[in-house]
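Below is one structure; the comments refer to it alone.
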Amino acid sequence: MPDPAVRCRFAPSPTGYLHLGGARTALFNWLTARHHGGQMLLRIEDTDADRSQPELVDLIFRTLTWLGIDWDGEVVHQSSRGEAHRAAVGRLLDEGRAYWCSCTRDEIDARAKERGGKPGYDGHCRDRGLGPDPTHVVRFRVPDDGETVVRDLIRGDVHFANHELEDFVVQRSNGHPMFVMANAVDDIDMAITHVIRGEDLLPATPKINLIRAGLGEATTPVFAHLPLIVNEKRQKLSKRRDDVAVEDYQARGFLPEAMRNYLATLGWGPPDGVEIRPIEEIVALFRLEDVTKSSAFFDVKKLEAFNGEYIRALGLGDFVERSLPFLTTAFAPGPGMVLDEDTFVAIAPHVQERVRVLGEIPEMVEFLFREISVDGDAWAKTMEKDPALAVQMLDAAIDLLAALPDWTATAINDAVIGYADAREISRKKAQAPVRVAITGRTVGPPLWESMEVLGRDRSLERLREARAQLPA
Ligand code: GLU
Ligand code: ZN
């Protein structure tokens, strides 16, 4: 049911490109906000000044925009909210919910060793009445008893025993807030109702709820911790091992609509099981309650299949327009290189049927725009394997095609295939040497259409060139 009071936010830390997990988080926030007719906000968590770079923030904006994930209102930069964070820490201190601590890591570890108990902070400074100092951190006073409950739409209520949580740091000795502090304060001030993010942040959530309560907030937002995204080995996607940057998928020629549609299925599925569908339908059907707890497999083959479907559904003009940047990149002007748009338009319907990503296109149509260099493997598999047949087919094709009244794919097909059929040569074997002569490869768009587009003169020239390299 629509609920315009819903306020979601995507809160990336700009420490790298936008990865698949981040994009999925952004999308699920966006779907929730749009489903309810609420607000989708964007907050850049850039307090980690050394690692946050303005170019990376820009890249996040561009990638979200590319995916068609828009946001409402001004972007909040966490780094500009230092005063609000310090004031909130001040309030916790005033109310005795937090205290100054002078302990060094070594001191903490040494005491833990002495205790023989769990490593971690022991509350040493709780009642020492320390004040501010450039070496002091501020710690939250976690209640010794009871529990903190995180209400999660996906996981149900998750209980954390307070005695398991140490008195955690909320402000570093340099005066900067810790992640949990800034995050809690910003969500309060932005009146966020739904916190949707990766499950790796679940352990931070009880701390955030304690901070909220400590600041006198009567409510907590609804949480939804999204399942991990894993590779085919069921390992968490990793920057080092897997292709995780959304911009790389953009560069390979995935369509943003296909990418967005596929990302929506990572942990969620519509009740009727129809996964490929217009975004408006996904917005209407999406419910956080239907997100699974179990990890989501990022299946690049399935993404490619989605993309192929989206490509085939494009109008021809749209397909050409989206393909051209890939062609102009691959076929930079230079000697022997003519990228002629009309030629591409002529072959485009056949290409559109066959590609899964736009990045495959240049290789497929290269023979139209450049003098071919025959792939060694392709030559060996066709011309060298059966030179007699290759010679026979090339000679026949040259004679028949030179004499064709009309240069059309159908006429070319009828001539060459008619010749092969009459001599009981398999059509596949008959075509192979012609294809290699024309395109330099064994696979590509349909051959007769390719030859029609290439034109009679250039086709005959290539057939003769190939023939000249074979025994007389
Ligand atoms: N900035 C945090 C991160 O990128 C996410 C914070 C949140 O969504 O609450 O991991
Ligand atoms: Zn201490």
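One-based numbering, in listed order, for ligands and for the atoms of each. As the structure is a computational prediction, the values presented were derived from the model and not from experiment.
Contact annotation: the side chain of Val180 approaches that of Phe168 to within less than 4.5 Å [non-hydrogen atoms, C-beta and beyond].
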Apply salt bridge (charged side-chain N to carboxylate O under 4.0 Å, His left out) to Asp189 and Arg81, showing your working. CA-CA 10 Å; Asp189 290 351; Arg81 296 190 25 83; 2.6 Å; yes
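Atom 8 (O) of ligand 1 has as its closest protein heavy atom Arg9 NH1, 3.0 Å. In this structure, the protein non-hydrogen atom closest to atom 3 (C) of ligand 1 is Ser13 OG, 3.6 Å. In terms of protein heavy-atom proximity, atom 5 (C) of ligand 1 is closest to Ala11 O, 3.3 Å.
Although no hydrogens or angles enter the test, the distance criterion places a donor-acceptor pair under 3.5 Å between the side chain of Arg139 and the main chain of Asp167. At least one donor-acceptor pair closer than 3.5 Å links the side chain of His35 to the backbone N or O of Val283.
Each of the atoms 7 (C), 8 (O), 9 (O) of ligand 1 lies under 4.0 Å from some heavy atom of Arg197. Of all atoms in ligand 1, listed by their number and element, those nearer than 4.0 Å to a heavy atom of Glu45 are 1 (N), 2 (C), 6 (C).
Counting heavy atoms under 4.0 Å from ligand 1, residue Asn183 touches it through the side chain alone.
Checked by atom type, the side-chain pair Asn209/Thr148 shows no donor-acceptor distance below 3.5 Å.
Between Tyr249 and Phe298, the ring center distance clears the sub-6.0 Å criterion. Close placement of the Trp268 and Phe286 rings is indicated, their centers lying within 6.0 Å of each other.
Around CD of Glu341, the count of heavy atoms belonging to other residues, nucleotides or ligands within 6.0 Å does not exceed 12.
With the Zn ion (ligand 2) as the vertex, SG (Cys101) and OH (Tyr121) define an angle of 100°, rounded to 10°.
For the ligand labelled ligand 1, residue Phe179 lies inside the 4.0 Å heavy-atom shell. Ligand 1 lies within reach of Leu201, whose nearest heavy atom is under 4.0 Å from it.
Contact annotation: Ser102 places no N, O or S atom under 2.8 Å from the Zn ion (ligand 2). Here Cys125 reaches the Zn ion (ligand 2): one of its N/O/S atoms is less than 2.8 Å from the metal.
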